Asks: 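This is the structure I want to talk about, given as structure tokens.
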Amino acid sequence: MPQSRDLAARFEAYSEWRRRLSSGISALHEWLTEQDLADAQIDLKVQRLLERLHQDKLVVAFVAEFSRGKSELINAIFFADFGQRLLPSSAGRTTMCPTELLYDATRPPSIRLLPIETRLKDATVAEYKNYADEWVTIPLDLASAEKMGEALGRVSQVKRVPAALARKYGLFDDEDILTAIDSDGEGAVDIPCWRHAVINFPHPLLQQGLVILDTPGLNAIGTEPELTLNLLPNAHAVLFILAADAGVTKTDLDVWNRHLAGEDAAQKAGRIAILNKIDGLWDELKPEGEVVAEIDRQVKSSAHLLGLPAAQVYAVSAQKALLAKVNGDDALLAKSRLPVLEEALSRKLIPAKRDIVGAATQAEVKALAAGVKSILDARASGIAEQLAELGALRGKNQDVVEHMMDRVREEKELFERGLQRFTALRTVFTEQTNRLLDYVGLDALRTNAGRTRRHIEDSPFTRGVRGAMNDFFATIRGDFEHAARQSSEIHDMMQAMYARFAKEHGLERFTPPPFSMLKYQKEIDRLERAYNQHFNTLWNMVSKAKFALMKRFFETIASRVKHVYDVANRDVESWLKSVMAPLESQVKEHHLQLRRRLDSIKRIHRASGELEERIVELNQADDALAGQIAAMAREIAAIDAVIERPDALPAAANG
Ligand SMILES: Nc1nc2c(ncn2[C@@H]2O[C@H](COP(=O)(O)OP(=O)(O)OP(=O)(O)O)[C@@H](O)[C@H]2O)c(=O)[nH]1
Ligand SMILES: [Mg+2]
């Protein structure tokens with residue numbers, strides 16, 4: 001069955017590439033350990049790198065006004081193998097809560113549902129994900145398509161509640177949202193039973209790290225800040241679905257402008273619009289060419305209205321594609337045009353993702369190798385120095401040897417005095433580090449968020465909420481600016497120290513990498529923009545449920561900000577290590593070498609016959625070192641080869 005063969009094949013190749021990259025990195029690590037060159041910091045870096053490669057996810061989100069065919073399209077692209085509709089898809093509102101499809105091998109196949117009642121509390125969906133007992137879990141019986149369909153049908157469940165309660169959930173408002181789902185006029189409305197669903201399902205693509213996000217139509221997007229502020233901005237691709245016969249309607253345009261029309265060029269590149277239901281335009285009475293021209297016209301005008309290049313708009317029939325795949329009808333499948341979309345998805349998405357992951361991995365491997373290389377180089381130059389010294393001793397008398405011993409001893413003492421300076425530097429470094437960590441610390445954020453929460457509660461009106469939020473962001477920005485200044489102070493201090501040790505003691509010159517807060521500042525800016533963008537629409541849309549919604553809105557933003565802080569803290573810590581660790585190991589290495597030099601001259605002083613023997617020893621050590629440097633270069637080259645020639649077969653497959 002042609003089950004999205006191309007997409008599946010490319011995705012499989014991408015996973016295979018990640019596996020090869022991981023095994024290259026593991027080989028490098030093994031070699032470093034064997035050679036006694038790995039330390040705790042290297043172990044940690046490698047472990048993180050491998051974890052990241054292993055957990056790498058590709059998130060594709062489906063967004064549209066209700067009933068455009070999101071769920072049907074997901075069924076057609078990913079689940080046609082089941083021979084039937086897996087996700088519920090029917091006329092009217094069907095998917096009632098955001099639904100993630102993924103595979104987590106540590107859990108049994110299941111659908112997990114977060115009750116709508118959780119909207120009464122402040123916690124976000126992301127936070128609830130850490131508490132399994134808050135979710136209703138229904139196991140999936142993979143052997144029975146019927147039972148599976150029944151379990152997955154839960155995402156459509158609704159229940160009738162008094163309008164007042166719906167309002168408390170931030171769901172119902174007299175003039176708007178869920179009145180479309182028959183309010184019976186007696187102050188009761190139908191609301192979704194669930195706030196969020198996670199389907200854990202061992203589909204081959206999901207097993208390899210694909211995550212699909214199905215969303216409910218229009219209004220639910222606005223009332224669940226998790227979607228607008230977290231899930232959608234973090235998706236690698238967003239598919240926006242339209243109906244081919246209607247084109248871009250006013251509500252479509254609303255959804256698009258509110259949630260997807262990001263100015264960011266990179267984000268726009270990941271957006272694809274789909275004109276679904278082209279079968280509605282098929283007409284046996286018209287010449288084929290006319291139908292095609294009609295579809296083309298719709299593609300062009302939709303592209304124009306959405307501000308997308310026409311090449312990013314695809315016309316398909318999800319329903320006919322699903323039917324064609326289930327029946328093995330190749331002609332109908334081609335006519336549905338789904339294969340064109342699948343081809344484009346795999347061609348665009350996967351190489352772009354691979355480039356990003358490859359470049360990031362390569363940069364980390366390079367930094368790691370550079371650290372090891374500088375130790376090896378220092379050892380090599382130590383040996384060269386000793387060889388020169390000992391060579392000069394050939395045929396010299398005891399006096400000269402004594403004189404030389406004095407010189408090295410002096411050098412060693414001088415260096416040991418330099419070590420005091422190093423200890424003093426460590427103290428200053430620790431102070432500065434603590435200050436930096438305070439600025440980006442979770443305590444600072446907690447205080448800031450607490451203050452904002454109080455202000456919102458004290459003054460739950462437009463001006464009050466706006467003011468509180470502006471203060472919230474301004475405080476973060478201020479702290480981040482301090483952090484940026486502090487890290488550049490640390491950087492300058494360390495750079496001066498490296499220069500000094502290089503000049504005074506001949507240590508290798510090393511330029512510590514600078515630390516940039518820009519990434520985190522930009523992310524905060526993005527969140528503030530998202531907040532500004534959504535504030536007014538939310539405020540106007542929900543007149544009665546304002547307060548509950550605003551609070552939830554703030555909690556979502558706060559939890560996104562916390563994520564930024566978490567990442568920043570982790571990065572700051574590993575940067576601090578990368579700035580200090582080389583100096584530490586250089587100092588240690590240099591000290592060791594001075595001791596070795598002194599020892600070997602002492603030995604020669606005692607027995608002059610040892611000179612030649614010692615020179616031979618040193619030459620051997622020098623060869624061994626050159627061998628190590630070459631071997632490491634080979635390990636790195638193997639990793640580079642995987643990154644730079646992603647489609648080459650692994651060596652094992654050639655043998
Ligand atoms: N003729 C035709 N009907 C389609 C096509 N795709 C979907 N439909 C129908 O459109 C209706 C809505 O499809 P869904 O998949 O439920 O739409 P949705 O976007 O997921 O809607 P919500 O879950 O309510 O937000 C269903 O009856 C589908 O069978 C198509 O390509 N052609
Ligand atoms: Mg749906």
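Everything numeric here is computed off the predicted structure, so don't read it as measured data. Values below: all heavy atoms of this structure, side chains included; hydrogens, waters and symmetry mates excluded. Indexing begins at 1, ligand by ligand and atom by atom, following the structure's order.
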Asks: Could you pull out the closest heavy-atom pair between C97 and W194, with the gap in Å?
Replies: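 For C97 versus W194, the nearest heavy atoms are CB-O, 3.3 Å.
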Asks: Below the 3.5 angstrom mark, is there an N/O of D279, backbone or side chain, next to an N/O of ligand 1?
Replies: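 Between D279 and ligand 1 (N or O atoms, distance only) the closest approach is under 3.5 Å.
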Asks: Using only atom types and a distance under 3.5 Å, with no angle test, would you say the side chain of E72 pairs donor to acceptor with the backbone of S89?
Replies: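 Not a single qualifying donor-acceptor pair exists.
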Asks: Quick check on contacts: which atoms of ligand 1 are under 4.0 angstrom from a heavy atom of S67?
Replies: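 Heavy-atom distances to S67 below 4.0 Å select 11 (C), 12 (C), 17 (O), 18 (P), 19 (O), 21 (O), 22 (P), 24 (O), 25 (O).
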Asks: If you measure from atom 9 (C) of ligand 1 to every heavy atom of K320, K277, E72, R93, which option wins on shortest distance?
Replies: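 It is K277 that holds the nearest heavy atom.
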Asks: Hey, is NE2 on H236 packed in by over 12 heavy atoms from elsewhere, all under 6.0 Å?
Replies: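 For H236, atom NE2 is crowded (more than 12 foreign heavy atoms under 6.0 Å).
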Asks: Among V155, V136, N200, whose side-chain contact (heavy atoms from CB on, under 4.5 Å) with I111 holds?
Replies: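 Passing option: V155.
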Asks: Check whether any N, O or S atom of T215, backbone or side chain, sits closer than 2.8 Å to the Mg ion (ligand 2).
Replies: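 Checking the Mg ion (ligand 2) against T215, no N, O or S atom falls under 2.8 Å.
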Asks: So which bit of N276 gets within less than 4.0 Å of ligand 1, heavy atoms only: side chain, backbone, both or neither?
Replies: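 It is the side chain that gets close, since no backbone atom is under 4.0 Å.
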Asks: Please answer whether the main-chain N or O of T99 pairs with a side-chain N or O of D214 as donor and acceptor at a distance below 3.5 Å.
Replies: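 Not at all, since once roles are kept as given, no pair shorter than 3.5 Å links the two residues.
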Asks: Using a plain distance cutoff, I'd like to know if G69 has any nitrogen or oxygen under 3.5 Å from a nitrogen or oxygen of ligand 1.
Replies: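 Yes - when backbone and side-chain N and O of G69 are compared with those of ligand 1, one distance drops under 3.5 Å.
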Asks: Considering all heavy atoms of both residues, which atom of T94 and which atom of P88 are nearest to each other, and what is their separation?
Replies: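 Heavy atoms only, the tightest pair is CG2-O, 3.5 Å.
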Asks: Write down the atom of A318, the atom of A76, and the distance for their closest heavy-atom approach.
Replies: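 Looking at all heavy atoms of both residues, the shortest contact is O-CB, 3.5 Å.
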Asks: What protein heavy atom sits nearest atom 31 (O) of ligand 1, and how far off is it?
Replies: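 For this ligand atom, the closest protein heavy atom is A318 N, 3.0 Å.
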Asks: Can a donor-acceptor pair be found between the side chains of D254 and T251 at a distance below 3.5 Å?
Replies: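 No, no side-chain donor-acceptor contact under 3.5 Å.
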Asks: Would you say P216 and ligand 1 have an N/O pair spaced under 3.5 Å apart?
Replies: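 The answer is no, given that P216 and ligand 1 share no N or O pair closer than 3.5 Å.
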Asks: Which residue supplies the protein heavy atom nearest to atom 24 (O) of ligand 1, what is that atom called, and how far is it?
Replies: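 For atom 24 (O) of ligand 1, the nearest protein heavy atom is T94 N, 2.7 Å.
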Asks: Identify the two heavy atoms, one from Y14 and one from K353, that lie closest to each other, and give their separation to 0.1 Å.
Replies: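 Minimum heavy-atom contact is OH-CG, 3.4 Å.
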Asks: Among all protein non-hydrogen atoms, which one is nearest to atom 29 (O) of ligand 1, and what is the separation to 0.1 Å?
Replies: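 Ranked first by proximity to atom 29 (O) of ligand 1 is Q319 NE2, 3.5 Å.
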Asks: For E65 and ligand 1, does the shortest N/O to N/O distance drop below 3.5 Å?
Replies: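 No: no nitrogen or oxygen of E65 is under 3.5 Å from one in ligand 1.
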Asks: On the ring face of Y169, is R119 found with NZ or CZ under 6.0 Å from the centre and within 45° of the axis?
Replies: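 No - R119 does not lie over the ring of Y169 by the 6.0 Å and 45° rule.
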Asks: So which atom in A321 and which in L333 form the shortest heavy-atom distance, rounded to 0.1 Å?
Replies: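 Answer, listing the atom of A321 first, then L333: O-CD1, 3.9 Å.
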Asks: Does the N or O separation between S89 and ligand 1 drop below 3.5 Å for any pair?
Replies: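 Yes - when backbone and side-chain N and O of S89 are compared with those of ligand 1, one distance drops under 3.5 Å.
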Asks: With a heavy-atom distance limit of 4.0 Å, tell me whether S317 approaches ligand 1 through its side chain, its backbone, both, or neither.
Replies: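 Near ligand 1, S317 shows its backbone as well as its side chain.
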Asks: Is the closest heavy atom of G92 to ligand 1 under 4.0 Å?
Replies: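 So G92 counts as touching ligand 1.
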Asks: Taking only heavy atoms of A91 into account, list the atoms of ligand 1 that are under 4.0 Å away from them.
Replies: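 Close to A91: 26 (C), 27 (O).
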Asks: Out of S156, S90, S71, who gets a non-hydrogen atom closest to atom 16 (O) of ligand 1?
Replies: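 Closest candidate by heavy-atom distance is S90.
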Asks: Give the residue and atom name of whichever protein heavy atom lies nearest to atom 25 (O) of ligand 1, and the separation in Å to one decimal.
Replies: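 Atom 25 (O) of ligand 1 sits closest to the protein heavy atom K70 NZ, 2.9 Å.
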Asks: Under 4.0 Å from a heavy atom of F66: which atoms of ligand 1 are those, numbered in the order shown and with their elements?
Replies: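 Counting atoms of ligand 1 from 1, those under 4.0 Å from F66 are 21 (O), 24 (O), 25 (O).
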Asks: Can you tell me if S71 has an N, O or S atom under 2.8 Å away from the Mg ion (ligand 2)?
Replies: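 An N, O or S atom of S71 is closer than 2.8 Å to the Mg ion (ligand 2), so yes.
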Asks: Taking the side chain from K277 and the backbone from D245, do they hold a donor-acceptor pair closer than 3.5 Å?
Replies: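 Not at all, since once roles are kept as given, no pair shorter than 3.5 Å links the two residues.
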